[in-house]
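One structure is given here, and the rest of the page talks about it.
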2 protein chains.
Amino acid sequence: MSSGLEQVSGGRLASSGGSRHHHHPIVRKLARLVPLTEADTAALGQLSASMRQVAAHTDLVHEGAPLTEAVLVLQGFAIRYQLRDTGARQILAYLVPGDLCDPDAALLGELDCTISTLSACFVARVPQGVLSDILEQHPNVARGLRLAKLIEEATTRCWLTNAGCRSALERMAHLLCELQVRLQVVGFATEDGYELPITQHDLGDTLGLSNVHVNRTLRVLREQRLIEHHGKQLTILDLPRLQEIAEFKPGYLRSTASHARLPL
Amino acid sequence: MSSGLEQVSGGRLASSGGSRHHHHPIVRKLARLVPLTEADTAALGQLSASMRQVAAHTDLVHEGAPLTEAVLVLQGFAIRYQLRDTGARQILAYLVPGDLCDPDAALLGELDCTISTLSACFVARVPQGVLSDILEQHPNVARGLRLAKLIEEATTRCWLTNAGCRSALERMAHLLCELQVRLQVVGFATEDGYELPITQHDLGDTLGLSNVHVNRTLRVLREQRLIEHHGKQLTILDLPRLQEIAEFKPGYLRSTASHARLPL
DNA sequence: TTTGGCATATAACAATTGTTACTCTGAGTG
DNA sequence: CACTCAGAGTAACAATTGTTATATGCCAAA
């Protein structure tokens, strides 16, 4: 009953022979950033050729491992994180459907953080060769992915501002607003909310808060009738006010259509 | 009496006609990352052609402004920061001598943060054209700058981990250790310490702490005989222990010579 | 169906960090 | 030289957040 990617069947895209790739999250995402031709769209569809399902809390790429493939998330929530010696975990980024991680790290040879799933996910491993071929033959796609990378960096900076100078309530509100925009771009959120299949402990490791304080903070948001959540379903009751609390300025996500046309 | 860049005179490099650029901070920095030929080194020297002195606390590039030039720091401390509506400032990165900021942002068209000086600085503005010519003609330099960019990103992630899951003392220790390594690479630090010409308020905006708590934290480090500071001069009395407190792992800075040969 | 375990929820208390207010010093300036 | 002011230093108190403990609910495995 989860939204999106209804064409998943047996670990393969049922429609992989056809040309209708417009619903692929990475296509939806890049189409906001650059104009895409049918050929571009089809090429992006190839990225998910080796899609497979991964259980929640599974490491995909370990810190320090040599990196030869990129990881494309098609469904579910994945993260990049670092571990301290104390066992504390800092989540550095969320990877939601349409996010491609991390083509560039090949230059450094290894990654300084670990890629893992938070929820059950559909992910595709993309060999460097396949990716570089596409980048070469599809300059629009190449430009789109470079833009996406810059947006990811801006998002990291935003998270640093979050951690450095926002209160727990503001931080939580900001994260919920950011996810609302990012998930809506790829069709995994409506205007009212989205499925947030992660624990309060995970939220704590994201925001630099204890799980208890995450719980307190969510309660405040609930009591103020800003959000509701039943199970994994998050409903945003008052988005404007939530954004106001968070001082959320979505510009850094480049999510408005003003920056590019949609594909024909 | 400040160390490094003794050749500064009248806003120009006195030796700009010669070929001895090895002492330039950006040359020292990149030489750790990639092999550099004499030609590469000379080309890097050109970057500081339009060097000028800038007073402390001067904005160089404003948030939202169209970006047509990169900024190269030759001496002093500069930063990237974001402002909240409340007036709170989050410092996102330090730009120390040898750091080049931000060639890539041209793709996005505008920057999401402001570049500013903390101390009096010598900086050079590098027009996009000059930079792209050099990148084209000197692949080693291009590769070095790409590596430097990746290192900068890793540093930002590290700062996020800092803010998210380290105590004030650990955060401060980590910052001091990081600067020790970065400044030593470009010849602005000895093994014992370095000049740190920034206020406790600035440190607070860096670490997400109040200025009062910064003061407390520095006092603890002093009382434990880990550091000393008289005026702007920071002396590190016990680097191993400071690194231990910070859980500092310098790998992300790629500062050890094991990754590349020095130029002939 | 029962059970075990994980996630949520909440309370009481502790620790960290922020805020306000004040003093002191030193560098720059008239 | 006196004056000003920014920055460092400190204390007292307040607010936020973390820790520990315990209870509850719910889903999945036996």
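Residue numbers start from 1 in every chain, and the chains themselves are labelled A, B, ... in the order their sequence lines are given, proteins ahead of strands. Below, all heavy atoms of this structure are taken into account, side chains as well, without hydrogens, waters or symmetry copies.
One can place CG of B:Asn211 at 10 Å from C1' of C:dG18, the figure rounded to the nearest angstrom. Distance, B:Leu169 CG to C:dT16 P: 11 Å, rounded to whole Å. As a whole-Å value, the separation of B:Met172 CE from D:dA8 C1' is 13 Å. Between A:His213 atom NE2 and C:dT10 atom C1' the separation is 14 Å, expressed in whole Å. Rounded to a whole Å, the CG atom of A:Leu207 is 10 Å from the P atom of D:dG18. In this structure, B:Leu203 places its CG atom 15 Å from C1' of D:dG9, rounding to the nearest Å. Between A:Arg166 atom CZ and C:dG18 atom P the separation is 16 Å, expressed in whole Å. In this structure, A:Leu196 atom CG and C:dT8 atom P are separated by 10 Å, rounded to whole Å.
Defined by atom type and a distance below 3.5 Å, a donor-acceptor pair is missing between the side-chain atoms of B:Gln200 and B:Asn211. Under 3.5 Å, the side chains of B:Tyr252 and B:Glu178 contain a donor-acceptor pair of N or O atoms.
Sequence order on DNA chain D of the closest nucleotides to B:Ile198 and B:Arg216 puts B:Ile198 first from the 5' end.
Of the listed nucleotides (D:dT10, D:dT19, D:dA8), D:dT10 has the atom at the smallest distance from the side chain of B:Val212. Listed nucleotides C:dT17, C:dA9, D:dT17 differ in distance to A:Gln200; the shortest reach to its side chain belongs to C:dA9. Considering only side-chain atoms of B:Ser210, the nucleotide from C:dT8, D:dA11, C:dG18 that sits closest is C:dG18. Checking D:dG7, C:dA12, C:dT17 against every side-chain atom of B:Thr199, the shortest atom distance belongs to D:dG7.
Here A:Ile91 contributes atom CD1 and A:Leu118 contributes atom CG; the two are 5.0 Å apart, rounded to the nearest 0.5 Å.
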Enumerate the protein-to-nucleotides 22-24 of chain D contacts in which both atoms are nitrogen or oxygen and the separation is below 3.5 Å.
none

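Contact of the B:Leu234 side chain with the B:Glu195 side chain is not registered, since no non-hydrogen atoms from C-beta on lie closer than 4.5 Å. By the 4.5 Å heavy-atom criterion applied to side chains, B:Arg182 and B:Val185 are not counted as neighbours. By the 4.5 Å heavy-atom criterion applied to side chains, B:Tyr81 and B:Cys113 are not counted as neighbours.
Checking the phosphate oxygens (OP1, OP2) of D:dG9, a side-chain nitrogen or oxygen of B:Asn215 falls inside 4.0 Å.
Residues B:Lys249 and A:Asp85 are paired through a salt bridge, judged by an N-O separation under 4.0 Å between the basic side chain and the carboxylate. Ion pair B:Arg84/A:Glu247 flagged as a salt bridge, since at least one NZ, NE, NH1 or NH2 atom sits closer than 4.0 Å to an Asp/Glu carboxylate oxygen.
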TODO: Assess whether side chain to side chain donor-acceptor pair (under 3.5 Å) is satisfied between B:Thr206 and B:Tyr94, documenting all intermediate values.
DONE: CA-CA 9 Å; B:Thr206 305; B:Tyr94 280 14; 2.6 Å; yes

Task: side-chain contact (heavy atoms from CB on, under 4.5 Å) between B:Val73 and B:Val96, intermediate numbers included - done: CA-CA 6 Å; B:Val73 178; B:Val96 301; 6.0 Å; no

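Taken residue by residue, residues 217-230 of chain A places heavy atoms nearer than 4.0 Å to DNA chain C at A:Arg219, A:Arg222.
Counting non-hydrogen atoms under 4.0 angstrom, A:Gly204 reaches nothing in the nucleic acid.
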